[in-house]
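These notes concern the structure reproduced below.
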Amino acid sequence: MLPRRKNKEDIMTSLCARDVMTAGMTTVSSETPVAAIARMFSDRGISAVAVTDAAGTLLGIVTESDLIRRLADEDDQPSGWLSRLFDSPVGRADRYARSHGVKASEVMTERVVTASPRDSAAHVARIMENHRIRRVPITDDGKLLGVVARSDLVRALVSQELPQADNTTDDEIHRAIIAAMQREPWADTVHTAVHVQDGVVEIFGFSRSEAVSRALYVLAENVPGVKRVVDRTSSRNRWEPA
């Protein structure tokens with residue numbers, strides 16, 4: 001049996017946040033003027049700064065979105081009756097303070113989603129996906145160590161990707177595909193057949209949807225040794241009434 005080559009999921013699980021983070025995220029104090037932060041963004045080509053105290057503890061983060069909010073607020077038109085019905089005075093007051101603040105502490109996002117340096121890269125990616133954010137500060141006991149951006153995760157994938165093994169047998173490929181299908185609740189191993197010859201995978205049978213067909217195709221693509229995938233499944237749902 002050949003050793004199992006790491007796939008993308010294995011790579012992202014084995015790497016820790018400390019392995020992929022960028023150290024030395026630009027920091028400012030809570031008293032830094034917003035105008036100075038905007039100048040940093042422009043001059044240094046960055047899109048976020050961390051707000052820390054003298055001990056290096058993370059207090060918040062200021063991003064381009066926080067500054068764009070200032071411009072958007074200048075175009076704020078009187079709201080209609082529906083907006084006034086669901087918008088509380090407290091909420092409008094908070095937005096006003098954040099959009100008109102003159103120093104970092106007044107415009108920063110205080111509830112920053114962070115990760116530990118020991119968290120896996122896959123966990124950091126999940127945080128980004130769940131919270132729809134572009135970067136995750138890495139902290140240890142509240143102290144800022146660095147930041148993981150989407151580009152850091154992409155670089156990790158590229159640098160850790162190993163070449164495809166050209167000596168994987170068709171039988172090993174077939175077993176790996178079936179095993180991967182059995183781990184996925186959406187994959188139907190009863191009505192789906194897999195044939196492998198010279199590293200080329202052909203998938204036969206019935207598929208419940210286009211999404212399932214696409215997922216099976218991608219699943220097979222990610223198996224080490226696969227050279228090409230041919231989808232021969234039928235899109236007709238055999239469980240639907242004719």
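What you see below is based on every heavy atom in this structure, not just the backbone, and it leaves out hydrogens, waters and symmetry mates. The structure presented is a predicted model; accordingly, all values stated were derived computationally and were not measured.
- Among residues two or more places apart in sequence or in another chain, the side chain to side chain contact (heavy atoms under 4.5 Å, CB included) test is passed with Val34 by Leu67, Arg70, Val107.
- A distance-only check finds no donor-acceptor pair linking the side chain of Thr32 to the backbone of Val28 [under 3.5 Å].
- Under a hydrophobic clustering in which Ile, Leu, Val, Met, Phe, Trp and Tyr are joined whenever their side-chain heavy atoms come within less than 4.5 Å, directly or via other members, Ile46 and Ile37 fall into the same cluster.
- Under a cut-off of 6.0 angstrom, the local environment of CZ in Arg150 is crowded, with over 12 non-hydrogen atoms contributed by other residues, nucleotides or ligands.
- Formation of a donor-acceptor pair under 3.5 Å by the Glu106 side chain with backbone atoms of Val102 is found in this model.
- Of the N and O atoms on the side chains of Ser207 and Thr233, not one donor lies less than 3.5 Å from an acceptor on the other residue.
- In this structure, the side chain of His174 engages the main chain of Val194 through a donor-acceptor pair within 3.5 Å.
- A donor-acceptor pair under 3.5 Å is absent between the side-chain atoms of Asp66 and the main chain of Met108, judged by distance alone.
- In this structure, the side chain of Asp170 engages the main chain of Gly199 through a donor-acceptor pair within 3.5 Å.
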Enumerate, atom names and distances included, each donor-acceptor pair closer than 3.5 Å involving a side-chain atom of residues 134-141, sequence neighbours excluded.
| from | atom 1 | to | atom 2 | distance (Å) |
| --- | --- | --- | --- | --- |
| Arg135 | NH2 | Ser47 | OG | 2.7 |
| Asp140 | OD1 | Arg118 | NH2 | 3.4 |

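- Side-chain atoms of Thr109 do not come within 3.5 Å of backbone N or O of Val112 as any donor-acceptor pair.
- Counting only distance, with no hydrogens or angles, the side chain of Asp188 and the backbone of Val190 share a donor-acceptor pair below 3.5 Å.
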